[in-house]
Amino acid sequence: MAPTLILIVLAATVIAGLVWYIRRKPARPYEERSEQDTAWNDPVDPDSRP
């Protein structure tokens with residue numbers, strides 16, 4: 001009885017982990033995952049502000 005109970009608990013834990021992993025949402029949408037703040041267009045010296 002004990003080995004069967006251990007296997008049932010183990011299987012339930014694995015299934016719950018898979019369900020949680022599959023259903024969770026990503027931290028950010030795919031479009032927002034690229035680097036947004038690269039500062040490529042910031043002025044080099046402080047006097048050349050727009």
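The first residue of the sequence shown is numbered 1, and numbering continues consecutively from there. These numbers come from the heavy atoms of this one structure, side chains and all, not from hydrogens, waters or symmetry mates.
Remark: R24 qualifies as a cation-pi partner of W20 under the 6.0 Å distance and 45° angle criteria applied to the six-membered ring.
Rounded to the nearest 0.5 Å, atoms CG (L10) and CG (L5) are 11.0 Å apart. To the nearest 0.5 Å, atoms CG (L18) and OG1 (T13) are separated by 11.0 Å.
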